[in-house]
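Below: one structure, written as structure tokens.
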Number of protein chains: 4
Amino acid sequence: MSLREKKIAKKREDILRSAVKIISEKGYHKTTLEDIAAHLYMTKGSIYYYFKDKQDLIYQTQAMLIQESIENIKNVIEEQGNVTEKLRRAMIKHIEFVIRERMGFSIGIKPEQVFEKQYLEKILHLRGQYESYFDRIITMGVEEKVFHPVDVKIVRNLLLGAMNWVVQWYSPEGKKDVKELAETISDYLLRILLKGGENSTEEM
Amino acid sequence: MSLREKKIAKKREDILRSAVKIISEKGYHKTTLEDIAAHLYMTKGSIYYYFKDKQDLIYQTQAMLIQESIENIKNVIEEQGNVTEKLRRAMIKHIEFVIRERMGFSIGIKPEQVFEKQYLEKILHLRGQYESYFDRIITMGVEEKVFHPVDVKIVRNLLLGAMNWVVQWYSPEGKKDVKELAETISDYLLRILLKGGENSTEEM
Amino acid sequence: MSLREKKIAKKREDILRSAVKIISEKGYHKTTLEDIAAHLYMTKGSIYYYFKDKQDLIYQTQAMLIQESIENIKNVIEEQGNVTEKLRRAMIKHIEFVIRERMGFSIGIKPEQVFEKQYLEKILHLRGQYESYFDRIITMGVEEKVFHPVDVKIVRNLLLGAMNWVVQWYSPEGKKDVKELAETISDYLLRILLKGGENSTEEM
Amino acid sequence: MSLREKKIAKKREDILRSAVKIISEKGYHKTTLEDIAAHLYMTKGSIYYYFKDKQDLIYQTQAMLIQESIENIKNVIEEQGNVTEKLRRAMIKHIEFVIRERMGFSIGIKPEQVFEKQYLEKILHLRGQYESYFDRIITMGVEEKVFHPVDVKIVRNLLLGAMNWVVQWYSPEGKKDVKELAETISDYLLRILLKGGENSTEEM
DNA sequence: CATGAATGAGATTTCATTCAT
DNA sequence: TATGAATGAAATCTCATTCAT
């Protein structure tokens with residue numbers, strides 16, 4: 001990659017980050033290209049040098065976020081640890097990510113309602129990939145008899161739903177910090193899968 | 001309520017139902033008043049006879065849905081049954097409702113990003129009411145030592161998140177029918193709270 | 001005129017008065033038929049029983065106001081008094097009228113910009129009539145050599161302009177009451193016409 | 001001011017002039033942004049590049065007109081001449097201005113009925129400034145005992161009313177040209193203030 | 001007579017998109 | 001590359017007008 005290409009790639013990412021930030025604040029449907037550009041002291045015209053159109057830009061933000069999530073979970077899987085630890089870490093990462101980017105998957109909207117076929121397929125494919133890593137961990141746990149035998153897809157969706165919903169209620173003013181909160185949530189959710197009561201941190 | 005008032009109330013509800021339907025299909029920000037009106041063979045102008053403006057209309061749909069949910073959970077609480085049964089039934093009702101109306105709370109968007117102060121407060125108040133009924137059941141279970149001692153608000157949010165997220169992944173083509181699915185989900189989620197393994201419907 | 005006709009005539013006048021009031025408050029272009037009707041606890045639909053359309057209604061208000069003004073000035077002319085007294089009384093009446101109805105001629109708009117040909121001609125004709133009474137008094141004064149020889153039309157327009165403009169600046173909170181104010185204004189304006197300084201109420 | 005800023009300022013003024021012209025022809029409430037834009041071969045959308053909204057645009061036209069008037073009267077005051085000459089010249093300028101722009105102050109409407117608080121205050125302030133220059137001249141004349149002692153505010157309002165009303169009756173077809181007419185009017189109105197009969201151009 | 005309800009034309013406004021410079 | 005400027009389609013909203021009851 002030449003220097004020029006690097007610069008372009010850098011700028012593209014800047015725009016994507018800006019978009020993520022603004023969308024997380026104002027919501028997808030109230031975010032205009034003007035907003036995104038202004039945040040970078042650009043004009044909206046320039047955005048078209050880097051992205052085909054608004055849909056493309058939004059798609060890229062989603063793709064970027066999911067890809068980062070995929071990297072996260074890949075790392076978690078490769079790390080040492082038993083399956084419970086892995087799932088726990090994956091969830092913590094996910095929750096921290098959701099809170100940090102103030103955005104769950106799909107910016108709080110159903111991708112079907114926003115993207116056209118071309119982008120939709122790609123998004124759904126990426127999403128599917130990420131989900132499959134979760135499925136893999138869950139399946140492992142079930143096979144190792146550490147987890148209850150469950151309908152993997154349903155449970156995975158429950159976990160993701162509970163975690164993505166955090167966007168709706170998390171407040172930085174809460175008494176728990178992000179890490180602590182993520183751990184608490186993960187532990188609660190693990191109970192859906194864990195056999196026995198060993199992990200049930202009995203609070204007073 | 002006079003006949004006339006009934007008629008107007010009926011029409012208002014028709015419009016709200018139409019709005020719920022269209023929004024659930026196309027998403028909030030792609031739904032125009034034209035769409036909503038056309039679905040009832042009205043013109044968009046007529047909508048303004050019944051609602052102050054679009055924001056008012058959207059607010060009313062949300063209020064209606066939450067109020068119905070509140071009725072549901074109130075009934076559940078008043079019915080016979082132990083606390084586990086009550087929470088289970090409340091969750092099943094919620095899931096069925098979400099699937100039927102194809103809409104979780106807040107049409108998949110953060111109300112803060114859509115409503116202005118006046119409406120926002122009312123929505124948040126209604127939502128808070130509904131949530132408090134859940135909290136009440138959970139607290140009861142904890143006090144009766146049937147549920148683990150937990151952070152009630154967090155757990156309630158996890159349950160609601162997992163259930164509302166169903167909108168994103170439920171497909172009528174699935175092998176489980178709605179009732180069965182709702183039961184399955186509820187049973188999984190109950191494990192977050194239940195002590196012992198008694199409820200863990202060991203599949204297979 | 002039958003009782004029925006009387007009732008209708010009465011209602012028509014009610015509506016006209018209501019229209020005058022609302023227009024004087026909100027301005028012509030912000031006044032809707034709804035406003036006018038609501039002020040009488042009617043619905044706008046009913047207005048169409050009494051008036052062909054909005055233009056007709058507005059036209060009638062104007063016609064009514066000018067006709068009343070014409071009656072006023074006719075009476076003034078027929079009363080006893082020298083020409084100066086007559087002009088003074090005519091002006092006082094006009095000013096009082098403008099303040100009372102909070103409306104000069106033509107609701108502050110050029111009739112050409114509001115009325116279509118049919119109504120326009122009638123309005124201009126009525127207006128012309130009223131103006132001709134003023135002209136008559138002025139001409140009399142000139143012929144009697146009580147007034148300066150002037151371009152009658154120009155002076156009449158200056159007088160009317162100065163008087164109609166009162167709408168723009170009159171405030172009920174002022175220290176002068178309406179009668180006093182009207183007299184003061186009339187005396188000032190008379191100086192345009194009066195020979196010698198006899199009327200110049202030398203203030204301190 | 002950079003070239004770019006000049007260009008944009010120029011365009012803004014073009015739009016304002018266009019607005020003044022159209023409003024003077026069709027009246028404020030019949031003038032659409034479409035009209036104003038079309039007159040400049042633009043589209044209405046473009047207007048929003050230069051002005052926040054219609055109210056802003058209208059406000060700017062008013063501000064522009066009053067500011068020009070203020071410049072005019074300032075110059076008149078600074079010029080040589082006795083107080084009578086100054087008031088005469090100020091009036092002539094005002095009348096010529098009103099005829100040229102075919103618009104008195106406040107486009108023939110009460111600003112209270114058109115502008116919201118923010119704009120209203122600014123307009124009233126500007127208007128007040130302009131009026132204060134008139135007041136200053138009148139007060140000077142009174143103090144120099146050249147003018148009758150009068151209620152300055154009332155007389156100023158009468159003068160302005162008489163002059164602004166010209167919009168309603170001036171016709172280019174009249175036998176007097178604009179300058180001549182403005183002089184005639186000014187001389188008539190001066191009689192309200194002048195002591196003695198020296199200025200009363202005795203017409204035949 | 002009166003009105004509730006609906007309509008539709010038109011106005012304002014927003015904003016993604018384009019394009020010349 | 002970047003941007004200023006313009007565009008046009010679409011959305012919201014208003015309101016005079018109509019009409020069945």
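We name chains A, B, ... by the order of the sequence lines, and we start the count at 1 in each one.
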In whole angstrom, what separates [X]'s [atom1] from [N]'s [atom2]?
{"X": "C/Glu34", "N": "E/dT3", "atom1": "CD", "atom2": "C1'", "result": "12 Å"}
{"X": "B/Leu40", "N": "E/dA5", "atom1": "CG", "atom2": "P", "result": "15 Å"}
{"X": "D/Arg12", "N": "F/dG4", "atom1": "CZ", "atom2": "P", "result": "15 Å"}
{"X": "B/Ile58", "N": "F/dA11", "atom1": "CD1", "atom2": "C1'", "result": "13 Å"}
{"X": "C/Ile47", "N": "E/dC1", "atom1": "CD1", "atom2": "P", "result": "16 Å"}
{"X": "D/Leu3", "N": "E/dT21", "atom1": "CG", "atom2": "P", "result": "15 Å"}
{"X": "C/Ile36", "N": "F/dT17", "atom1": "CD1", "atom2": "P", "result": "11 Å"}
{"X": "D/Lys7", "N": "E/dA20", "atom1": "NZ", "atom2": "P", "result": "14 Å"}

Give [X] one of three labels, base, sugar-phosphate or nothing, depending on what nucleic acid heavy atoms sit under 4.0 Å from its own.
{"X": "C/Phe51", "answer": "nothing"}
{"X": "C/Ile8", "answer": "sugar-phosphate"}
{"X": "D/Leu57", "answer": "nothing"}

Take C/Leu124 and C/Glu112, measure what side-chain contact (heavy atoms from CB on, under 4.5 Å) needs, and give me the verdict at the end.
CA-CA 9 Å; C/Leu124 293 182; C/Glu112 291 82 359; 4.2 Å; yes
Any B/Met42 side-chain heavy atom under 4.5 Å of B/Tyr50 side chain:
yes
Side-chain heavy-atom pair B/Glu101, B/Arg17 within 4.5 angstrom cut-off
yes
Atom pairs, N/O to N/O, protein against nucleotides 13-15 of chain E, distance under 3.5 Å?
from: E/dT13; atom 1: OP2; to: D/Tyr48; atom 2: OH; distance (Å): 2.7
from: E/dT13; atom 1: OP2; to: D/Lys54; atom 2: N; distance (Å): 2.9
from: E/dT13; atom 1: O5'; to: D/Tyr48; atom 2: OH; distance (Å): 3.2

I'd like to know whether NZ of A/Lys30 has more than 12 heavy-atom contacts from other residues, nucleotides or ligands below 6.0 angstrom.
yes
Should we say atom CZ of C/Arg100 is surrounded by more than 12 heavy atoms from elsewhere, each under 6.0 Å from it?
yes
Would you say [X] places a side-chain N or O within less than 4.0 Å of OP1 or OP2 belonging to [N]?
{"X": "D/Tyr41", "N": "F/dA6", "value": "no"}
{"X": "C/Arg4", "N": "E/dC1", "value": "yes"}
{"X": "C/Tyr49", "N": "E/dA2", "value": "no"}
{"X": "D/Lys11", "N": "F/dA6", "value": "yes"}

Tell me the partner of E/dT21, counting only Watson-Crick (N1-N3 plus N6-O4 or O6-N4) or G-U wobble (N1-O2 and O6-N3) with both under 3.5 Å; none if nothing fits.
F/dA2
Using purine N1 to pyrimidine N3 plus N6-O4 or O6-N4 for Watson-Crick, or N1-O2 and O6-N3 for G-U wobble, each under 3.5 Å, what pairs with E/dA16?
F/dT7
All heavy atoms of A/Ser18 vs all of A/Ile36, minimum pair found to be OG-O, 2.9 Å
Answer yes or no on whether D/Lys54 is positioned over the face of D/Tyr28, meaning its NZ or CZ is under 6.0 Å from the six-membered ring centre and within 45° of the axis.
yes
Is there a salt bridge (Lys or Arg N to Asp or Glu O under 4.0 Å) between A/Lys26 and A/Glu34? Walk through the geometry before answering.
CA-CA 13 Å; A/Lys26 315 184 51 162; A/Glu34 190 100 42; over 6 Å; no
Quick check for you: among E/dA6, F/dG8, F/dT1, whose closest atom lies nearest to any side-chain atom of B/Tyr50?
E/dA6
